There are 2 protein chains.
Amino acid sequence: MKLIDKENIDFGLLLSQHGLSKTSFRKFLIELFYKTHHALSVDEIINNLSYQIDKVSIYRALNAFEKNGLIHKVPDKANLIKYALCKSECSSEKHLHNHAHLLCSICNETYCINDFKIPVVNEYKGFLINNLKVILEGSCVDCQQI
Amino acid sequence: MKLIDKENIDFGLLLSQHGLSKTSFRKFLIELFYKTHHALSVDEIINNLSYQIDKVSIYRALNAFEKNGLIHKVPDKANLIKYALCKSECSSEKHLHNHAHLLCSICNETYCINDFKIPVVNEYKGFLINNLKVILEGSCVDCQQI
DNA sequence: TGATAAATGCAATTGATTTGCGTTTATTTT
DNA sequence: AAAATAAACGCAAATCAATTGCATTTATCA
């Protein structure tokens, strides 16, 4: 399957496999997520586009991608909606994320990190925990060099 | 000083000490934060009021309280702005919070917890960390009993 | 190819939050 | 305590991200 070849992903196929139509914009969008190593906001998507597209279509594409297990929401400082690529285990049935997020206070980018050890807590004073989020705030490598 | 008496806080004095005018609404509001054990949204504040007040005045009071070190923003599931009481160490110069938050997925209340041990991380792969947020999501004691 | 479903564009709406401004209330000064 | 100054309030309007409705276009499937 082409998908295994990291360098040459068939984004149309990827969309199909997730029950989505392969329109030129959606192929562009999923490819953009694969190329970008931080979470994307609607405005950043627009900035990467060489042609005009309605914001509504972006919102709808993001919602559809999330619903079908391709991307997930990530925290953002300004309470905007941002998305990042899911790990391959995710599907429309269930998102499996328990990774931490790095949030740069200077450039306001969000990065997913998969090797940060998240504390395991199932219960706290009668409160049943089923998800534990960790957000590391600070300054990213690029911003420290300015 | 009256403030030390937990049962009988002088909320007017508290406002003055934080550089705020003691209007009847703001006295009510800071008292509400002291009485309530979870974070408050604008709508919840309105529900607790026995008289009408403009939402704008609530937003301005919350912004002023935060600016002057009385309350701090807390995470909320719906990306709303919610606030909770600060610890006494906070001031207009600096907010000192490194406590975790409990977020009930059912009633959507946010609770601050001060005795959860937050991991200490100063650096992660060149990223300098100056704040680490922990959000515990699950179901609170009250909601489990329904 | 034709029928059906999904995606798009445009206009309009929603909902939380903010801003401007004139008025009221509180604080400070005389 | 009254006048002067500053903070808070109320109302209307604006902003801004995100959503919805609907007609049109594009993709999928039989």
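In this text the structure is predicted, and so the values were computed from the model without any measurement. Letters A, B, ... mirror the listed sequences (proteins, then strands); counts begin at 1.
In this structure, CG of B:D54 is placed 13 Å from C1' of C:dT19, rounded to the nearest angstrom. Taking atom CZ of residue B:F25 and atom C1' of nucleotide D:dG10, one finds them 13 Å apart after rounding to whole Å. Separating the NZ atom of A:K67 from the P atom of C:dA6 is a distance of 9 Å, rounded to the nearest angstrom. In this structure, A:K73 places its NZ atom 9 Å from P of D:dA18, rounding to the nearest Å. Rounded to an integer number of Å, the gap from B:I46 CD1 to D:dC9 P is 14 Å. In this structure, the CZ atom of B:R26 is 12 Å from the C1' atom of C:dT25, given to the nearest Å. B:L20 places its CG atom 13 Å from the C1' atom of D:dA6, with the value rounded to the nearest Å. One can place NZ of A:K55 at 10 Å from P of D:dC16, the figure rounded to the nearest angstrom.
You'll find the side chain of B:I81 stays beyond 4.5 Å of the side chain of B:V42, heavy atoms only. For the pair B:L40/B:I71, no side-chain contact is recorded, criterion being any heavy-atom separation below 4.5 Å from C-beta on. Taking the side chain as every heavy atom from C-beta outward, A:L85 and A:I30 approach each other to under 4.5 Å.
The side chain of A:Y59 places no N or O atom within less than 4.0 Å of a non-bridging phosphate oxygen (OP1 or OP2) of D:dT19. In terms of phosphate contacts, B:S21 brings no side-chain nitrogen or oxygen within less than 4.0 Å of OP1 or OP2 of D:dA6.
Looking at which nucleotide of DNA chain C each of B:L80 and A:G19 is closest to, the 5′-most match is held by A:G19. Between B:S24 and A:A61, it is A:A61 whose nearest contact on DNA chain C lies nearer the 5' terminus.
Of the candidate nucleotides C:dA7, D:dC11, C:dA26, C:dA7 has the atom nearest to the side chain of A:T23. The side chain of B:S57 lies closest to D:dG10, out of D:dG10, D:dA27, C:dC10. Candidate nucleotides C:dG9, D:dA18, C:dA26 were compared by shortest atom distance to the side chain of A:V42, and D:dA18 ranks first. Considering only side-chain atoms of A:V56, the nucleotide from D:dT20, D:dA8, D:dG10 that sits closest is D:dT20.
The CG atom of A:L13 sits 11.0 Å away from the NZ atom of A:K27 when rounded to the nearest 0.5 Å.
Residue contacts shown for A:R60 include a base, since a base heavy atom lies under 4.0 Å away.
With respect to the salt-bridge test (charged N to carboxylate O, under 4.0 angstrom), the residues B:K55 and B:D43 qualify.
A single hydrophobic cluster is seen to contain both A:L62 and A:L14, as judged by linkage of ILVMFWY side chains at heavy-atom distances under 4.5 Å, directly or through other members. Grouping the Ile, Leu, Val, Met, Phe, Trp and Tyr side chains by contacts below 4.5 angstrom, directly or via other members, places B:F116 with A:F116.
Bending across the helix from C:dT1-D:dA30 to C:dT30-D:dA1, expressed as the angle between its end axes from five pairs apiece, amounts to 30° (10° rounding).
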